[in-house]
**Student:** 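Quick one: this structure, given as structure tokens, is what I'll be asking you about.
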Amino acid sequence: MTAIWLTLGFSAILAFLLGLALGWFKELFKVERDPKIDAVRERLPGVNCGACGYPGCDGYAEAVAKGDAPVTKCAPGGKDVADALASLMGVNASSEDQVAVLLCQGAKDKAPVKGTYVGVETCRAAKLSAGGTKLCAWGCLGYGDCTLVCQFDALHMGDDGLPHVDYDKCTGCGLCAQECPQQILAMVPRSRKGSVVLCSNRSVVKATVLKTCKVGCIKCEACVRACPEQCISMVNGIPVTDYSKCTSCGVCVEKCPTKCYQLLETAVIVPGKKLETVQA
Amino acid sequence: MSIKTFKGGAHPPERKHRTEGLPIENVRTVKQVVIPVNQHFGAPIQPLVKVGDVVKRGQKIADADGRMTVPVHASISGTVKKIEPRLQPNNLDGMAIIIESDGSSETAFLPPLDGLSCTKDEALARIREAGIVGMGGAGFPAHVKLAPPPNKPIDLVIANAAECEPYLTIDERMMEEAPGDLVLGMAIVMRALGVSKGVIGLEDNKSHLQGQLESAIASRHYGNGITVQLLKTKYPQGGEKMLITAITGREVPSGGLPMDVGCVVHNVGTFKAIADAFQEGKPLIDRGLTVSGAACKTPKNLMVPVGTLVSDLVPDVIQIDEEAVRRVIFGGPMMGPSLPNWTVPVQKNTSGVLFMDEREAKVYEEGPCIRCGRCMRACSCRLSPALLNNALKANDLDLAEQIGVMDCIECGTCSYVCPSHIQLVQRFRVGKQLVRAKKQKEAQRAGK
């Protein structure tokens, strides 16, 4: 019987001492870690898409906690996550849900090619070797580099040779805009209303625009003159709408002789309906 | 003397017979020139003239400050008609100055300068003011190569007379017709660099020029120290790094320049332009080029003003079988860009214009890699094109960089030898661009 008591007592004392040692070691080898990192990480969606530009959600969480990264970078999380992070970090989140818009309507039958391109069939390769394949040096090359980088299955090449954004799926991560060698995918707030010019032709020789594309902006500035709110101005050869004044009246859409204009809310950013090519 | 070479490479059909023996024809009848403002490798420059200005042949019409810039000169006398973007041989629209000829032969050259007695600074300034760029193809400013940093001693000047690109014969003709200019140009460069040794690297398919060059060297007092070295006829023998390895046995380190191994390499055309700039004070306003290809009915070696539209040479100077043209290439067939039409100006670095017919420009479909290893044996930089291709196809830029994509000189030998017709070199070009962009981004982030 004493043997049992002895063993139990010994074990209890040993356990107490080891427990003390453990507690002491914990204090001794403590790793300082900002609890904010874990708090931020908990609020991120955890898909590790990399759209923020950091190595996964952990990397982004660390950068946010340190204050190196803005809280609005998480695209799949969107506004909800940005707001949550903003309240956590005590900053103002002026983030808005963004979506990608292709600023080109140069479909196969509208914008002719300058020759037969033979080579690696990616936009970047065509741009580098042949300066692009279309007569218009600014237009969509149509090899779909953007569709390959989309992590959310929101971009698909249409039969017209242009990528179409599926606004049900687009999270506004901006990977496609970064990938496009022509820089013609623009990120715009999903809720934006007003007119937009779906053309990126910045040619200074006006006469050549119509030769290179049937639906290109010919710099006639009819829209600038027609706009009742006077909210359109030419910037680098392309009309730009001032969205603080635009009332979506649609006058510019009507006046544009080459049908470059569309209203964002009715013809471009429409969930469930894909961008249609205009009839010239 | 033994025939030297480098490891790797290939021997595509030369097809130089069409223009080999033809003397250079001087074209002086062009009515207008389209002179691209930026024809060199480096920082952009700006036009100095306005629409309506009257310019003389040889007058400077565009320039800018900065080390990596060279001026551009009017190649004919006349009036500036327009300044607008035009298609350049690199397939991009670049700002160009369009001059219409007034028929006069007035010139505004620089005063002649004795390159063998002036100071080094005078020589370098003259070479820059004359707008001289590397005429082999890349268009690298010539004066930059001649001003190496003091910690990089130079002991050898090499004249690149390999002309390893098939079809092209203009360098060969230039050496045959004006060997003295080549020797003078080399002597000026050697003097400016303080170098006593010079080598003319000549492929052995042009070995008949050796005697002529040697006697031209021997008959001139400034020819001391210049020798002619025969090289094996093999592509890319005229690649700067391959040429140095073949002649000296030295190897340009990865990411390095010829100056890192004490060499300065210039094309024979560049030496000729340097000689002209000192002897006559003539800037680089005329360009010698070979017009050839199976769809060209009159293959020729021409000397035309820089900015001449190739379409303006048809049909008075050259005739083309327009039906048969399948591809127009500016430069050599291995590295030159293919253009959608020939309303394109001849630039300072345009060594040839090739009109290829269906047989020459045959297009093959890309097949799968059969792991034969031919590209690896042929790669003149001793890279592994097949592995690079896999890395780039998988978008693994880190791996591609690690196995040397940045060392690729884009000579195109791998694509040429590939039995599956895989477009290797084009992927590497894209890969190099992406790696460069990635590094820039990283540097930006690190700087922030």
Side-chain angles (χ1 to χ4, degrees), chain A residues 50 52-55 59-60 63 66-70 73 111-139 141 143 145 148-151 175 178-183 201-209 211-212 236-237, chain B residues 82-96 98 325-330 335-344 356 358 361-366 389 392-395 410 412 415 421-434 436-438 441-442 444-445 448:
Chain A
C52 51
Y54 291 87
Y60 180 56
K66 266 194 213 155
D68 289 349
K73 284 259 178 179
V113 290
K114 56 184 179 186
T116 321
Y117 169 72
V118 181
V120 177
E121 295 200 340
T122 65
C123 304
R124 205 167 275 280
K127 168 95 174 164
L128 184 66
S129 315
T133 50
K134 283 176 178 162
L135 281 174
C136 172
W138 291 265
L141 303 176
Y143 289 104
D145 285 12
L148 295 180
V149 294
C150 184
Q151 304 288 310
L175 279 178
Q178 282 171 31
E179 186 70 15
C180 178
Q182 298 286 64
Q183 304 274 300
N201 191 316
R202 294 187 156 74
S203 174
V204 289
V205 192
K206 295 178 190 176
T208 60
V209 178
K211 282 185 203 154
T212 59
N236 286 334
Chain B
K82 278 177 194 166
I83 300 178
E84 64 177 32
R86 288 289 183 96
L87 184 64
Q88 267 180 260
N90 63 1
N91 258 315
L92 295 174
D93 286 340
M95 203 48 86
I98 294 131
V325 178
R326 286 290 172 280
R327 202 177 274 200
V328 189
I329 291 177
F330 267 59
M335 283 190 77
S338 170
L339 283 147
N341 57 56
W342 49 91
T343 314
V344 176
M356 295 193 162
E358 189 144 17
K362 196 163 179 184
V363 174
Y364 299 92
E365 203 163 313
E366 203 177 72
N389 189 44
L392 289 173
K393 264 183 150 174
N395 221 352
E410 304 172 18
S415 301
H421 310 292
I422 300 173
Q423 295 170 342
L424 296 159
V425 73
Q426 199 187 5
R427 284 219 179 82
F428 304 158
R429 289 189 63 194
V430 177
K432 281 169 84 172
Q433 193 190 40
L434 290 174
R436 248 178 257 132
K438 192 188 81 171
K441 222 177 184 178
E442 276 166 11
Q444 257 176 19
R445 194 170 285 170
K448 231 191 281 180

**Student:** Give a yes or no on this: more than 12 heavy atoms of other residues, nucleotides or ligands lie within 6.0 Å of atom NZ of A/Lys66.
**Tutor:** no
**Student:** With sequence neighbours excluded, what pairs up with B/Glu358 under the side chain to side chain donor-acceptor pair (under 3.5 Å) test?
**Tutor:** none
**Student:** Atom OG1 of A/Thr122 and atom NZ of B/Lys393: how far apart are they, to the nearest 0.5 Å?
**Tutor:** 11.5 Å
**Student:** Kindly write out the residues that satisfy side chain to side chain donor-acceptor pair (under 3.5 Å) with A/Gln183, not counting sequence neighbours, or none if the list is empty.
**Tutor:** none
**Student:** Between B/Pro337, B/Ser338, B/Pro340, B/Pro85, which has the largest tally of heavy atom pairs under 4.5 Å with chain A?
**Tutor:** B/Pro340
**Student:** Look at atom CD of B/Glu442 and say whether more than 12 heavy atoms of other residues, nucleotides or ligands are closer to it than 6.0 Å.
**Tutor:** yes
**Student:** Measure the spacing between CD of B/Glu366 and CD of A/Glu121 and express it to the nearest 0.5 Å.
**Tutor:** 9.0 Å
**Student:** With a 4.5 Å cut-off on heavy-atom pairs, point out which of A/Gly119, A/Gly53, A/Gly115, A/Ala125 contacts chain B the most.
**Tutor:** A/Gly119
**Student:** Please examine the side chains of B/Arg326 and A/Thr116, heavy atoms only from C-beta on, and report whether any two atoms are closer than 4.5 Å.
**Tutor:** no
**Student:** Decide side-chain contact (heavy atoms from CB on, under 4.5 Å) for B/Gln426 and A/Val118; before the verdict, give the C-alpha distance in whole Å, the side-chain angles of both, and the deciding distance to 0.1 Å.
**Tutor:** CA-CA 11 Å; B/Gln426 199 187 5; A/Val118 181; over 6 Å; no
**Student:** Contact part of B/Leu434 toward chain A, heavy-atom cut-off under 4.5 Å: side chain, backbone, both or neither?
**Tutor:** side chain
**Student:** Between B/Glu84 and chain A, with a heavy-atom cut-off of 4.5 Å, which part of the residue counts as in contact: side chain, backbone, both or neither?
**Tutor:** side chain
**Student:** Provide the closest heavy-atom pair for A/Val120 versus B/Gln423 in the form atom of the first, atom of the second, distance.
**Tutor:** N-OE1, 2.9 Å
**Student:** So do the side chains of B/Asn91 and A/Lys114 get within less than 4.5 Å of each other, counting heavy atoms only?
**Tutor:** yes
